[in-house]
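As structure tokens, the structure follows; a few thoughts come after it.
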Amino acid sequence: MRLIIMGPPGAGKGTQGALLSEALDVPRYSTGDILREALGEGTPLGREARKYMDAGELVPDDVILGVVGEAMEKPESAMGFLLDGFPRTVVQAEGLSDLLEKRGLKLDAVIDLVVDDEEIIKRLTARGRDDDVLGTIRRRLEVYRAQTVPLLAWYAGTDVPVLTVRGVGSVAEIQGRILDQLGR
Ligand code: AMP
């Protein structure tokens with residue numbers, strides 16, 4: 001299976017994505033995790049990404065598409081994959097669609113995790129990652145609305161199904177809803 005999991009910051013993409021990747025036995029590629037790892041190692045990618053991440057802005061599309069292109073080169077990704085936190089812009093979605101087309105592959109579904117803003121702010125202020133400070137959280141939510149939400153309409157114009165899943169409840173309940181929608 002080839003899936004995308006999207007939703008605002010704090011929607012539970014990481015948690016649900018990790019469980020889903022295990023349940024479906026496909027690798028999970030989280031662009032946020034890859035960037036944080038690069039940042040921790042002080043690589044050129046990490047150094048470039050830092051200023052955007054700290055400000056709650058998106059890392060430039062060409063940089064991100066490079067990261068995802070590399071992931072797609074891994075033999076393990078031939079079995080399928082789950083993309084977490086990517087694509088985040090229409091340009092990235094188009095880039096992904098090109099990467100897949102070149103390989104004769106298609107996405108099976110986009111999972112859209114829905115959580116309202118009040119709950120998001122509550123969750124993120126409790127989480128305490130470096131970019132989880134109120135100003136940055138607000139900016140990440142704004143960026144999500146302005147740049148990532150339009151992807152839902154973009155995918156609606158393709159033959160990839162968009163599965164809307166309510167992201168509130170216990171981790172197990174939400175996972176159950178996702179698997180249900182996937183027919184698993
Ligand atoms: P995340 O862990 O998915 O919330 O990502 C944390 C930060 O990494 C974001 O606020 C962005 O600065 C950057 N980032 C992660 N994925 C992407 C992406 N697909 N496009 C642009 N920036 C990204």
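In each ligand, atom 1 is the first atom listed, and ligand 1 is the first ligand listed. Just so we're clear, the structure is a prediction, and the values are computed from it rather than from any experiment.
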Suppose we measure from atom 8 (O) of ligand 1 to each protein heavy atom; which comes out shortest, and what is that distance? Met53 CE, 3.5 Å
Heavy atom to atom 17 (C) of ligand 1, shortest distance: which of Leu65, Thr31, Val143 holds it? Thr31
Heavy-atom contacts with Phe86 under 4.0 Å: which atoms of ligand 1 show up? List them by number with element. 19 (N)
Contact between Arg129 and ligand 1, counting heavy atoms under 4.0 Å? yes
Are the side chains of Leu141 and Leu124 in touch, meaning some heavy atoms are under 4.5 Å apart? no
Enumerated ligand 1 atoms positioned under 4.0 Å from heavy atoms of Gly32: 2 (O), 5 (O), 15 (C), 16 (N)
A side-chain contact here means heavy atoms from C-beta on lying under 4.5 Å apart; do Val90 and Glu94 qualify? yes
Among the clusters formed by ILVMFWY side chains lying less than 4.5 Å apart, do Val114 and Val110 turn up in the same one? no
Examine the proximity of ligand 1 to Leu35 and report which part, side chain or backbone, both or neither, has a heavy atom under 4.0 Å away. side chain
Co-membership, hydrophobic cluster, residues Met1 and Met6, 4.5 Å side-chain: no
Which is it for Met6 and ligand 1 at heavy atoms under 4.0 Å: side chain, backbone, both or neither? neither
Using a 3.5 Å cut-off on N or O atoms only, is Pro9 in polar contact with ligand 1? no
Just which atoms of ligand 1 are under 4.0 Å from any heavy atom in Gln92? 18 (C), 19 (N), 20 (N), 21 (C)
Tell me whether ligand 1 is touched by Arg36 - counting only heavy atoms on the residue side and a distance under 4.0 Å. yes
Within the structure, does Arg88 bring an N/O atom to less than 3.5 angstrom of an N/O atom in ligand 1? yes
If you measure from the Lys or Arg side-chain nitrogens to the Asp or Glu carboxylate oxygens, is any gap between Glu118 and Lys122 under 4.0 Å? no
One residue to check: Ile64. Relative to ligand 1, which of side chain, backbone, both or neither has a non-hydrogen atom less than 4.0 Å away? side chain
Whether the side chain of Arg140 engages the backbone of Asp131 through a donor-acceptor N/O pair (distance < 3.5 Å, no angle test) should be reported. yes
Do any N/O atoms on Glu57 end up under 3.5 angstrom from N/O atoms on ligand 1? yes
Considering only NZ, NE, NH1 and NH2 on the basic side and carboxylate oxygens on the acidic side, decide whether Asp84 and Arg28 come within less than 4.0 Å. yes
